[in-house]
Amino acid sequence: MTSVRIGGTYRHKKRGTKYEAEGLMKLQINPETLLRLVPDLRQRHAQDLHEALERISFVSYSSKDDDNQIFGRPETEFLDGRFELEEPS
């Protein structure tokens with residue numbers, strides 16, 4: 001699998017918006033917090049989701065447009081073809 005170029009500029013193919021890859025991260029959230037955020041989630045499912053989320057690497061990326069928002073997306077999604085690395089000119 002290709003790796004994310006930290007500091008690289010990526011263009012979202014569908015929208016054309018540009019983002020800078022800030023880094024890789026792990027999501028840390030405990031099952032009790034998941035239950036508060038998603039009230040209809042059952043305790044066992046919250047534990048399973050918690051364990052699954054701990055194994056996923058996320059890409060932190062920020063908008064290079066005017067809104068300066070920061071996003072997180074699973075690394076596999078970020079690299080599945082919806083974003084394209086722009087080479088410096």
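Remember, predicted model here, so these are calculated numbers, not experimental data.
- Listed by chain and residue number, nothing satisfies the salt bridge (charged side-chain N to carboxylate O under 4.0 Å, His left out) test with Lys13 (two or more places apart in sequence, or in another chain).
- Not a single side chain to side chain donor-acceptor pair (under 3.5 Å) links Arg55 to another residue, sequence neighbours left out.
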Contacts table for residues 24-31: side-chain donor-acceptor under 3.5 angstrom, sequence neighbours left out:
{"residue": "Lys26", "atom": "NZ", "partner": "Ser57", "partner atom": "OG", "Å": "3.4"}
{"residue": "Asn30", "atom": "OD1", "partner": "Glu32", "partner atom": "N", "Å": "3.1"}
{"residue": "Asn30", "atom": "OD1", "partner": "Thr33", "partner atom": "N", "Å": "2.8"}
{"residue": "Asn30", "atom": "OD1", "partner": "Thr33", "partner atom": "OG1", "Å": "2.9"}

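- Screening residues 38-49 for salt bridge (charged side-chain N to carboxylate O under 4.0 Å, His left out), with sequence neighbours left out, gives Arg44-Asp48.
- Taking every heavy atom of both residues into account, Leu34 and His50 meet most closely at CD1-N, 3.8 Å.
- In this structure, Glu20 has no side chain to side chain donor-acceptor pair (under 3.5 Å) partners at least two apart in sequence or on a different chain.
- Every side chain to side chain donor-acceptor pair (under 3.5 Å) that Glu86 has, sequence neighbours left out, goes to Lys18.
- Scored by the ring-ring contact (aromatic ring centres under 6.0 Å, His included) test, His12 finds Phe83 as partners (sequence neighbours excluded).
- At least one side-chain heavy atom of Gln43 sits under 4.5 Å from a side-chain heavy atom of Leu35.
- For the ring-ring contact (aromatic ring centres under 6.0 Å, His included) test, residues two or more places apart in sequence or in another chain that qualify with Tyr10 are Phe78.
- Annotation: side-chain contact (heavy atoms from CB on, under 4.5 Å) contacts of Glu77 (sequence neighbours excluded): Arg73, Pro74, Asp80, Arg82.
- Rounding to the nearest 0.5 Å places CG of Leu79 at 7.5 Å from OG of Ser3.
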